[in-house]
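Structure, as structure tokens:
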Amino acid sequence: MRLTETGYSAAEIKKLVSTYMMETYERFDFVAETAKGMYLYDENGDKYLDFYGGVAVNSVGNSNEKVVAAVQNQVKDISHTFNYPYTIPQAILAQKICTTIGMDKIFYQNSGTEANEAMIKLARKYGTDNFGPNKFHIISAKQSFHGRTFGSLSATGQPGTANQIGYGPIVPGFSYVDFNNLDALINAYNEDTIGIMLEPIQGEGGIYPATQAYLRGVREFCDEKHILLMLDEVQTGWGRTGEIMAYMNYDIKPDIVSMAKAMGGGTPIGAICASEKVAKAFTMGSHGSTYGGSPLCCAASLAAVSEIVDRDLSSNAKNVGKYFMKKLAGLQGVKEVRGMGLMIGVEFEKPIANDIKHYGVKHHLLVTAIGKKVIRMVPPLIASEKDCDIAFEVLQEAVKQIA
Ligand SMILES: *Cc1c(COP(=O)(O)O)cnc(C)c1O
């Protein structure tokens, strides 16, 4: 939908939002009317360089041609059925995803938080089916982020933050431990523990990659105790970190992995994959979703996932990410550059992240702020070194003006 088709001005659109919507977001102050590749465009056709990718979603580029064609093609045939009849895109996508990432089974959801709900439910069901009714305890990390519905929110190790304050009791059965500290995790284990739920790289927490020793140590500990390694790859999955899945950087495999964001190419889809042994706990009627696995989103996802694999966008993320991170380390006032592939956090000495974000929007570079000191960049995985150079120049100027 374009402004000219509606008769509204950009100012009127903003007014409608403030009048009629429950606003929980700090907006970039422009109307995004269209997008293509590495750019978003406002109603005047002015372009904004996209280094947030709809928060790690638009990995195959904005309005990717293959995804657009897949959606157009599918929507005219059949878009929704519930999971009563067999439908074609979900079957083919299931094979594509499972064989690409080396997992046995998939269950479709509609978002990241829903995928994590499914991951938590599957782990608990597996636990209680196999070890008795008390086997439901899950250990997750402090500063983690797993989503905004109650299960995922309760797995999120951020008590006392805006995510959790005011929402009454959260779901019991979770413990939070320091990230990248194997001893802390081992200490939190008890006989009721069924699994350990982690992001391979903490995203919303400020871009903190798990160390090799930690994630491999967690895998070994899970094997030793016969409990489940549950990885939240909602943000890290599908090429973002330089491998198809972030766990491939660590030479390990989870028992359950959740995914969403990039897998849909901009359409709302999420999923979990699990080993055969664990997946068996989801028996007939034990879980479900109205939209999950819809032909429309599965067709889009198949196009997006195929783009990532066929064009080897993970290698591009690895190479361009390395180039960009090296460059960013030379930025004035930087304390630390963290990340993997094109999932990059720049922590500044001073609390200037939000100012940099606003400076960026004004100068047509889109990045996001995490807390007061970190800016996060998760651009489409088609980003080139040239795109990074342009972004770097804006950031360099921003730091000069602000610091
Ligand atoms: C974004 C995100 C979620 C939540 O996904 P939604 O689609 O917003 O529900 C969960 N976990 C991680 C690691 C994320 O980055």
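Note that ligands are numbered from 1 as they come in the structure, with each ligand's atoms numbered from 1 the same way. Numbers here simply count residues along the sequence, with the first being 1.
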Exercise for review: Answer yes when Glu347 and Lys335 have at least one side-chain N-carboxylate O distance shorter than 4.0 Å, and no when they do not.
Suggested key: yes
Point to revise | N-O pairing of Lys261 and Glu233 below 4.0 Å | key: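 So Lys261 does not pair with Glu233 through a salt bridge.
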Proximity of [X] to ligand 1 by residue part, where a heavy atom lies under 4.0 Å:
{"X": "Asn116", "value": "side chain"}
{"X": "Ala260", "value": "neither"}
{"X": "Lys261", "value": "side chain"}

Short side-chain donor-acceptor distance under 3.5 Å, [Y] and [X]:
{"X": "Asp387", "Y": "Tyr39", "result": "no"}
{"X": "Thr149", "Y": "Thr113", "result": "yes"}
{"X": "Thr193", "Y": "His137", "result": "yes"}

Show me which atoms of ligand 1 lie under 4.0 Å from any heavy atom of [X].
{"X": "Asp232", "value": "10 (C), 11 (N), 12 (C), 13 (C)"}
{"X": "Glu199", "value": "13 (C)"}
{"X": "Thr113", "value": "4 (C), 5 (O), 6 (P), 9 (O)"}
{"X": "Ser111", "value": "7 (O), 9 (O)"}

Check your understanding: Quick one: nearest non-hydrogen protein atom to atom 7 (O) of ligand 1, plus distance?
Key ->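 Residue, atom and distance for the closest contact: Gly112 N, 2.8 Å.
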Review point. What protein heavy atom is closest to atom 8 (O) of ligand 1, reported as residue, atom name and distance in Å?
Key: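 Result: Arg148 NH1, 4.2 Å.
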Review point. Is there side-chain contact between Val218 and Tyr250, with heavy atoms separated by less than 4.5 Å?
Key: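 No, side chains not in contact.
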**Study point:** Heteroatom distance test (Gly147, ligand 1): nitrogen or oxygen, under 3.5 angstrom
**Key:** no
Exercise for review: Answer yes or no for Arg338 and Tyr208: cation-pi contact, defined as NZ/CZ to six-membered ring centre under 6.0 Å and angle to ring axis within 45°.
Suggested key: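 Yes, Arg338 lies over the aromatic ring of Tyr208.
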